[in-house]
2 protein chains.
Amino acid sequence: MTDDKITIDDVAKALGISKTTVSRAISGKGRVGNSTRAKVMEFIEKHNYRPNVMARALAQQRTFNIGVVWPCDYNAVDLPFFQRCMIGMSEITSSFGYDIVVSLIAGDDLSSLKRIIENHKVDGVVLTRTMVNDTPAMYLKESGVPFVAIGKTDDPDIITVDNDNLGACKELTSILLAKGLRKLALIGGSTNHIITRTRYEGFVDAFESMGLEVDQNLVYLDIENNIKIGGIIKTLLKKNIDGVICMDDSIAGEVISRCRDEHIRIPDDLRVASFYNSSLLESTVPSVTSLNFNDRNLGAEAARTLLAIIAGENAQSKMLKNYEVILKESTK
Amino acid sequence: MTDDKITIDDVAKALGISKTTVSRAISGKGRVGNSTRAKVMEFIEKHNYRPNVMARALAQQRTFNIGVVWPCDYNAVDLPFFQRCMIGMSEITSSFGYDIVVSLIAGDDLSSLKRIIENHKVDGVVLTRTMVNDTPAMYLKESGVPFVAIGKTDDPDIITVDNDNLGACKELTSILLAKGLRKLALIGGSTNHIITRTRYEGFVDAFESMGLEVDQNLVYLDIENNIKIGGIIKTLLKKNIDGVICMDDSIAGEVISRCRDEHIRIPDDLRVASFYNSSLLESTVPSVTSLNFNDRNLGAEAARTLLAIIAGENAQSKMLKNYEVILKESTK
DNA sequence: TTGTAGGCGTTATCAG
DNA sequence: CTGATAACGCCTACAA
């Protein structure tokens, strides 16, 4: 039962045939007699034979692993986005017999990424976000390893998979504008992240397509620490605003809390919406209007694309259009 | 600069010595002349030579990967716990030249775990939680692969690393009892997870050590879905309770929201505390009394232990004592 | 259809 | 201290 270390050679000898034939029977490459194949399959099934992946990796220079680059800045640590993406990726990779090697990168330290690339531990990489000065992307590009980035990028050589953040943010903003709101504030994270810029663009587009102009005094970007939000809210209130759009739900949660401190009623005194929704917002009161994306599906699509590239097919960048605008109490 | 496919043989030939010597110079095993070693080191530095891990893995039957089993039930998906643990593990494994292969397992489907084990893709495994019917643990034990579990277990053969959940939960409960609260409710998740049982034990211990008895009518376990919490709160309010202890902050957040619905003031009408704290609770109002553990450190310790086992040292189970009881507004 | 032999890049063994 | 040579387990021309 626990014949653990049985090799292809053992199989061959036991069956009185050559390793080559066994190999072919298993891989399906090359012609093998039906009866022979059946014999082999039955035997390996019975004895629970598994080809040694390391040996195969060495022989055909493939690892059947993909790398996933996972940012772990202070902010990203608690976001469920990456976890959800990974689940989607895992579903796809699993079904292709691939496994996932994670590479956590903090700040500019690419050493863990370099290690898995230089050591040939992966056949390709998924980058889970894009940045303005994207050192990981540049490194990967230079290294020649197949990779896919989740998020937008300027570089046409890089294959990306992304949600339609621009369209979604524009739509949500438009809805608020259509309600007659005009003095809308925007609070968002690091402008080093492309997604922050895209969300901002969507916000601006909504204004422009209605012939309105964004008041830059109401835009707060690079707010990487929720501590600052209390002050921002106080400042904003003096400016007599109609509503606040938060780029993610962590910011939204903080905004709601600080409003409560200031005895600001939502939505009566102020409307609040978020460009990203996760369970963080689930139990807030009032419930928050937000955008809902399918992160899992995004990850799955990224993995699918990467595997296609690895298989030699020429894949193209994709934009997933399915998102939901969830209108809740906070903007009534 | 981009001499990517340079092998040990290339190094040997370029230096006019044998592969063996180069190998020894790099690994440090076996005696090599100092001048020779220096030459080798200089050369590989300059030409950026990296030993092929796959070849090494094949030769010495080691992969320099560890597997991390990551549950992805509906509940676990958004918990930051696993992510934080993994960051801690990654810090340690990285410093030993190891990488992390994740195995997401949903429900009883062990296929991804089996794949990485049977394919010899990892040298050991970290199990990130323990269960009552722990099929992953049993499988690993049977397979003979070195592994460490995060969490408690009955099986003395299994090496574990865990926080002192029992002591922490007992302490927090004791503090509330010491404030004179007596009718304390408890809401928690699946009793299939050992941690739920441990937390419950801590709760009970606190009562017993004060000569009090737990009112089982106020204990709600196996609440795996926050939707039920609204009803529970309503029921509890009729029972005229003093406070609610939630096993994690997702539950706590929900409890607070539902209390607000019912116009219950916290802490005036009801005290609330949580056995686990994450950023989910960060911006709630009122701030919630809770236990604070260092998940990252927990992961690091687990990785350290696993690597020790892999290295052949005989490691022992560890309990990390450092946690914080954070007293906040919700129990004033 | 099947088998033989060589190679993938390292490490381990055993001589020198 | 150093070097051939044989594993490690699998794949793939090339032959038969």
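Letters go in sequence order (proteins before strands), and every chain restarts at 1.
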| request: May I ask you to evaluate whether B:T21 reaches the phosphate of D:dG3, defined as a side-chain N or O under 4.0 Å from OP1 or OP2? | output: yes
Give a yes/no answer on whether the side chain of B:Y49 brings an N or O atom under 4.0 Å of OP1 or OP2 in C:dT10. yes
Rounded to whole Å, CG of B:N119 lies from P of D:dC10 at a distance of 11 Å
Separation of C:dT1 atom C1' from A:K39 atom NZ, nearest Å, is 12 Å
To the nearest angstrom, the NZ-P distance between B:K19 and C:dT10 comes to 8 Å
Confirm from the modelled atom types if B:R50 and C:dG9 form a donor-acceptor pair under 3.5 Å, side chain to base only. no
Legend entry - Aromatic B:F81 / basic B:R84 pairing, under 6.0 angstrom, 45° off normal: no
When rounded to whole Å, the CZ to P distance for the pair B:R56 and C:dC8 reads 19 Å
State whether A:Q60 places a side-chain N or O below 4.0 Å from either non-bridging phosphate oxygen (OP1 or OP2) of D:dC10.
no
Practice item. Using a 4.0 Å heavy-atom cut-off across all strands, classify A:T36 as base, sugar-phosphate, or nothing. Key: sugar-phosphate
Distance only, no hydrogens: is a donor on one side chain within 3.5 Å (strictly under) of an acceptor on the other, for B:S111 and B:D109?
yes
side-chain contact (heavy atoms from CB on, under 4.5 Å) test vs B:D99 passes for just one of B:I66, B:N65, B:T63, namely B:N65
Atom CG of B:L58 and atom C1' of D:dC8 are separated, to the nearest Å, by 4 Å
The residue, A:A59 or B:R37, whose nearest nucleotide of DNA chain D is more 5′ is B:R37
Check: So does A:R304 pair up with A:E301, basic N to acidic O under 4.0 Å?
Finding: yes
Looking only at C:dT1, C:dA12, D:dC10, the nucleotide nearest the A:I8 side chain is D:dC10
note: A:H120, atom NE2; C:dT10, atom C1'; distance rounded to Å ~ 13 Å
Under 4.0 angstrom, heavy atoms only, what part of the nucleic acid is B:T20 near: base, sugar-phosphate, or nothing?
base
Can you confirm if the NZ or CZ of A:K114 lies within 45° of the ring axis of A:Y139 and under 6.0 Å from the centre of its six-membered ring?
yes
From the candidates C:dC8, C:dG3, D:dC8, the one with an atom nearest any side-chain atom of A:S18 is C:dG3
The answer to which of A:P51 and B:I17 contacts DNA chain D further toward the 5' end, by nearest nucleotide, is B:I17
A:D9 CG to C:dG6 P, in whole Å, measures 16 Å
On DNA chain C, more 5' by nearest nucleotide between A:R24 and A:Q61 is A:R24
When rounded to whole Å, the CG to C1' distance for the pair B:D10 and C:dT10 reads 13 Å
